[in-house]
**Student:** 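Let me begin by handing over the structure; questions about it come next.
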Amino acid sequence: MGPHPAVAAIRLAVRRVLHDLLTEHHSTTAALPHAPSHEPPPLSASLEREVPPSPPLVLVACSGGADSMALASALAFESPKLGIRAGGVTVDHGLQPGSDARAAEVVQRLRELGLDPVDSVAVAVGRAGGPEAAARDARYAALDTAAERHGATAVLLGHTRDDQAETVLLGLARGSGIRSLSGMAAVSGAGGRYRRPFLELDRQTARKACMVQSLPVWDDPHNADPAYTRSRLRHEGLPALEKALGKGVVEALARTARLSRDDADALDGWAGRAEATVRDATGLLECAKLYALPPAVRRRILRRAAIAAGAPAGSLFARHIEEVDRLITGWRGQGAINLPGKVVAQRQGGRLVIRQG
């Protein structure tokens, strides 16, 4: 008799990601250059076996909640079969009493699953962008540091289809563009470091997998705190939508994310190719050439230019880019536009200048 359907589903999702990582690892290893040698190899070298490359290390980011515990258990089960080393990391945000003890418990649970190495990283959460954004920034910085310290190929994240639906709705509420509506990518981060195996699985599948495997889970009280926007959306917004529109809202929003991501990727590629054609010999953006581009392409170029000048991507919203865009499409002699990160955009002699103020 096979495993419970929920357990089988999470293991299959993780297995697919590990197969992808293993294929990428082998491709990278095979492509490594070998220094030419003009000396004949010593006789002993011909008798020695070629040393195989070390197996890749994959970490799971685990809070102790149902999603990440289900992910950790599936990684621990699947990785030995593929010859992959598996470890874990938990981040202590220090936002609740006893968070250090809870992080220690998570470390113990991960080690009991057979994961090694396992780290607990304490972070200081700032205030920039609000409490949720600040905690997220601190968490990813800690995960990046842990991955680099251990030389990990990837970090697995337990975001589910429900999380994806919430992300799409949050982007819609902010009036963001299609990139925000595309939600979370299955592969993201520098070099594709972050992988999200559960984006096609619902939250209940992960919770059920933990229950049938008798895995203890911790329910973060912040996830039920109405002070947080995502919590209100989860417990009030989405249920209201399902009541009004019927079941299937979460699946439809996740499907919207996939379709939006395809469109956003295509437009980003177009903008990347077009950018070189709208700059003059000194590298400044030419307003007349920008005006001739489709708005979706032009605004992407403006956003890229603002980020390159030092504007934080997470603080650069659609309204900022629209104001800069009016320097191109609605020029009436208006003054400079102030952007996040002390970046200033202004029109000078038919050129758009975006730089630190």
**Student:** Hey, are Arg230 and Glu166 close enough for a salt bridge, meaning a charged N less than 4.0 Å from a carboxylate O?
**Tutor:**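 Salt bridge: yes.
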**Student:** Quick one: do Glu323 and Arg319 satisfy salt bridge (charged side-chain N to carboxylate O under 4.0 Å, His left out)? Show the steps, please.
**Tutor:** CA-CA 6 Å; Glu323 291 180 17; Arg319 67 176 184 273; 5.8 Å; no
**Student:** Heavy atoms only: give me the nearest Ala336-Gln346 pair and the separation to one decimal.
**Tutor:**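 Smallest interatomic distance, heavy atoms only, reads CB-CB, 3.8 Å.
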**Student:** Any chance the side chains of Ser260 and Asp263 put a donor and an acceptor closer than 3.5 Å?
**Tutor:**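 Their side chains do not contain a donor-acceptor pair, so the 3.5 Å distance test is not met.
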**Student:** Tell me whether Tyr194 shares a hydrophobic cluster with Leu21, the cluster being built from Ile, Leu, Val, Met, Phe, Trp, Tyr side chains joined at under 4.5 Å.
**Tutor:**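 Tyr194 does not cluster with Leu21.
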**Student:** Could you report the tightest heavy-atom contact between Pro117 and Leu57, atom names first, then the distance?
**Tutor:**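 Here Pro117 and Leu57 meet closest at CD-CD1, 4.0 Å.
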**Student:** Kindly say whether Pro56 contributes a backbone atom to a donor-acceptor pair with the side chain of Thr153 at under 3.5 angstrom?
**Tutor:**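 No; zero donor-acceptor contacts below 3.5 Å.
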**Student:** Dump the intermediate steps for side-chain contact (heavy atoms from CB on, under 4.5 Å) on Leu302 and Leu290, then the final yes or no.
**Tutor:** CA-CA 9 Å; Leu302 298 179; Leu290 282 169; 4.2 Å; yes
**Student:** Less than 3.5 Å apart, any donor N or O on the side chain of Tyr291 or Asp325 sitting next to an acceptor on the other?
**Tutor:**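 Looking only at side-chain atoms, Asp325 and Tyr291 do not form any donor-acceptor pair under 3.5 Å.
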**Student:** Does any part of the side chain of Cys287, heavy atoms only, come nearer than 4.5 Å to the side chain of Arg351, both counted from C-beta?
**Tutor:**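 No, every pair of side-chain atoms sits at 4.5 Å or beyond.
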**Student:** At their closest point, which heavy atom of Asp92 faces which heavy atom of Ala103, and how far apart are they?
**Tutor:**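 That would be CB-CB, 4.1 Å.
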**Student:** Report yes or no: do Val17 and Leu199 belong to one cluster of Ile/Leu/Val/Met/Phe/Trp/Tyr joined by side chain heavy-atom distances under 4.5 Å?
**Tutor:**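 Val17 and Leu199: separate clusters.
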**Student:** How long is the span from the OG atom in Ser182 to the CG atom in Asp265, to the nearest 0.5 Å?
**Tutor:**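 So the gap between those two atoms works out to 7.5 Å.
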**Student:** Please check if the number of heavy atoms outside Lys247 that lie under 6.0 Å from its NZ is greater than 12.
**Tutor:**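 Open: at most 12 neighbouring heavy atoms sit under 6.0 Å from NZ of Lys247.
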**Student:** Is there side-chain contact between His19 and Leu82, with at least one heavy-atom pair below 4.5 Å?
**Tutor:**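 They are in side-chain contact.
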**Student:** For Thr23 and Asp20, test the side chains for any donor-to-acceptor distance below 3.5 angstrom and give the result as yes or no.
**Tutor:**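 Not at all, the side chains of Thr23 and Asp20 share no donor-acceptor pair under 3.5 Å.
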**Student:** So do the side chains of His320 and Val324 get within less than 4.5 Å of each other, counting heavy atoms only?
**Tutor:**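 Not in contact.
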**Student:** Distance-only, no hydrogens or angles: does the Asp119 side chain make a donor-acceptor pair with backbone N or O of Val121 under 3.5 Å?
**Tutor:**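 A pair under 3.5 Å: no.
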**Student:** Is Glu24 salt-bridged to Arg195, cutoff N-O under 4.0 Å?
**Tutor:**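 A salt bridge is present here (some side-chain N lies under 4.0 Å from a carboxylate O).
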**Student:** Taking the side chain as C-beta and beyond, is there a heavy-atom pair between Val7 and His4 under 4.5 Å?
**Tutor:**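 A side-chain contact under 4.5 Å exists here.
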**Student:** Decide side-chain contact (heavy atoms from CB on, under 4.5 Å) for Leu284 and Val353; before the verdict, give the C-alpha distance in whole Å, the side-chain angles of both, and the deciding distance to 0.1 Å.
**Tutor:** CA-CA 7 Å; Leu284 293 178; Val353 180; 4.3 Å; yes
**Student:** Decide yes or no on salt bridge (charged side-chain N to carboxylate O under 4.0 Å, His left out) for Glu148 and Arg193, but give the supporting numbers first.
**Tutor:** CA-CA 10 Å; Glu148 289 162 9; Arg193 168 175 290 161; 3.5 Å; yes
**Student:** Is there a salt bridge (charged side-chain N to carboxylate O under 4.0 Å, His left out) between Glu78 and Arg11 once you walk through the steps?
**Tutor:** CA-CA 7 Å; Glu78 294 292 338; Arg11 288 178 178 175; 5.2 Å; no
**Student:** Check this for me, if you would: do Asp67 and Arg207 make a salt bridge, where the nitrogen-to-carboxylate-oxygen distance has to be below 4.0 angstrom?
**Tutor:**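 No, Asp67 and Arg207 are not salt-bridged.
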**Student:** Supply the atom-to-atom distance Gln164 CD to Thr167 OG1, rounded to the nearest 0.5 angstrom.
**Tutor:**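 One gets 6.0 Å once the value is rounded to the nearest 0.5 Å.
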**Student:** Would you please test Leu59 and Leu156 for side-chain contact (heavy atoms from CB on, under 4.5 Å) and show each step?
**Tutor:** CA-CA 6 Å; Leu59 300 177; Leu156 304 189; over 6 Å; no
**Student:** So which heavy atom on Leu215 is nearest to which on Ser73, and how close?
**Tutor:**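 Looking at all heavy atoms of both residues, the closest pair is CD1-CB, 3.6 Å.
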**Student:** What distance separates Met69 CE from Ile10 CD1, expressed to the nearest 0.5 Å?
**Tutor:**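 Reported to 0.5 Å precision, the distance equals 10.0 Å.
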**Student:** What about Val58 and Val106, same hydrophobic cluster or not, with Ile/Leu/Val/Met/Phe/Trp/Tyr joined at side-chain heavy-atom distances under 4.5 Å?
**Tutor:**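 Yes, because Val58 and Val106 connect within a single hydrophobic cluster, where side-chain heavy atoms sit under 4.5 Å apart.
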**Student:** Do Arg234 and Arg203 have side chains that get closer than 4.5 Å, going by heavy atoms?
**Tutor:**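 Arg234 reaches Arg203 side chain to side chain.
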**Student:** Closest approach of Ile301 and Ala271, non-hydrogen atoms and distance?
**Tutor:**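 In terms of heavy atoms, the two residues are closest at CG1-O, 3.8 Å.
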**Student:** Is there a chain of hydrophobic side chains (I, L, V, M, F, W, Y, each step under 4.5 Å between heavy atoms) that links Val155 to Val107?
**Tutor:**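 Different clusters.
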**Student:** Would Leu201 and Thr160 count as a side-chain contact (heavy atoms from CB on, under 4.5 Å) if you check the C-alpha gap in whole Å, the side-chain angles of each, and the deciding distance to 0.1 Å?
**Tutor:** CA-CA 6 Å; Leu201 300 177; Thr160 64; 5.7 Å; no
**Student:** Using 0.5 Å steps for rounding, measure from the CD1 atom of Ile354 to the CG atom of Leu285.
**Tutor:**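 Those atoms lie 6.0 Å apart.
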**Student:** Enter the distance from Asp162:CG to Phe198:CZ here, rounded to the nearest 0.5 Å.
**Tutor:**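 Reported to 0.5 Å precision, the distance equals 12.5 Å.
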**Student:** If the test is salt bridge (charged side-chain N to carboxylate O under 4.0 Å, His left out), which one of Arg255, Arg258, Arg16 qualifies with Glu200?
**Tutor:**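 The single option meeting the salt bridge (charged side-chain N to carboxylate O under 4.0 Å, His left out) with Glu200 is Arg258.
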**Student:** Can you find a side-chain donor-acceptor pair between Ser188 and Arg196 that sits under 3.5 Å?
**Tutor:**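 Yes, Arg196 and Ser188 have a side-chain donor paired with an acceptor closer than 3.5 Å.
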**Student:** For Val250, does its backbone N or O pair with a side-chain atom of Arg161 as donor and acceptor, under 3.5 Å?
**Tutor:**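 No, because the side chain of Arg161 does not come within donor-acceptor range (under 3.5 Å) of the backbone of Val250.
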**Student:** Check whether Leu293 and Leu352 end up in the same hydrophobic cluster, where Ile, Leu, Val, Met, Phe, Trp and Tyr are linked by side-chain heavy atoms less than 4.5 Å apart.
**Tutor:**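 Leu293 clusters together with Leu352.
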**Student:** Quick check: do Leu110 and Val118 have side-chain heavy atoms less than 4.5 Å from each other?
**Tutor:**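 Side-chain contact under 4.5 Å: yes.
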**Student:** Please name the residue in the list Glu112, Arg111, Glu105 that meets the side-chain hydrogen bond (donor to acceptor under 3.5 Å, both in side chains) test with Gln108.
**Tutor:**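 The single option meeting the side-chain hydrogen bond (donor to acceptor under 3.5 Å, both in side chains) with Gln108 is Glu112.
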**Student:** Of all the heavy-atom pairs spanning Ala146 and Val89, show the shortest one and how long it is.
**Tutor:**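 Reported closest heavy-atom pair: CB-CG2, 4.1 Å.
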**Student:** Would you indicate whether the side-chain heavy atoms of Pro294 and Trp270 approach each other to under 4.5 Å?
**Tutor:**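 Yes, at least one pair of side-chain atoms sits under 4.5 Å.
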**Student:** Run the numbers on Arg304 and Asp268 for salt bridge (charged side-chain N to carboxylate O under 4.0 Å, His left out), then give the verdict.
**Tutor:** CA-CA 10 Å; Arg304 288 159 63 108; Asp268 285 347; over 6 Å; no
**Student:** Rounded to the nearest 0.5 Å, how far does CZ of Arg109 lie from OG1 of Thr90?
**Tutor:**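 Nearest 0.5 Å value for the OG1-CZ distance: 10.0 Å.
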**Student:** Are Leu316 and Arg303 side-chain neighbours, meaning at least one heavy-atom pair lies under 4.5 Å?
**Tutor:**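 The answer is yes, as the side chains (C-beta and beyond) meet within the 4.5 Å cut-off.
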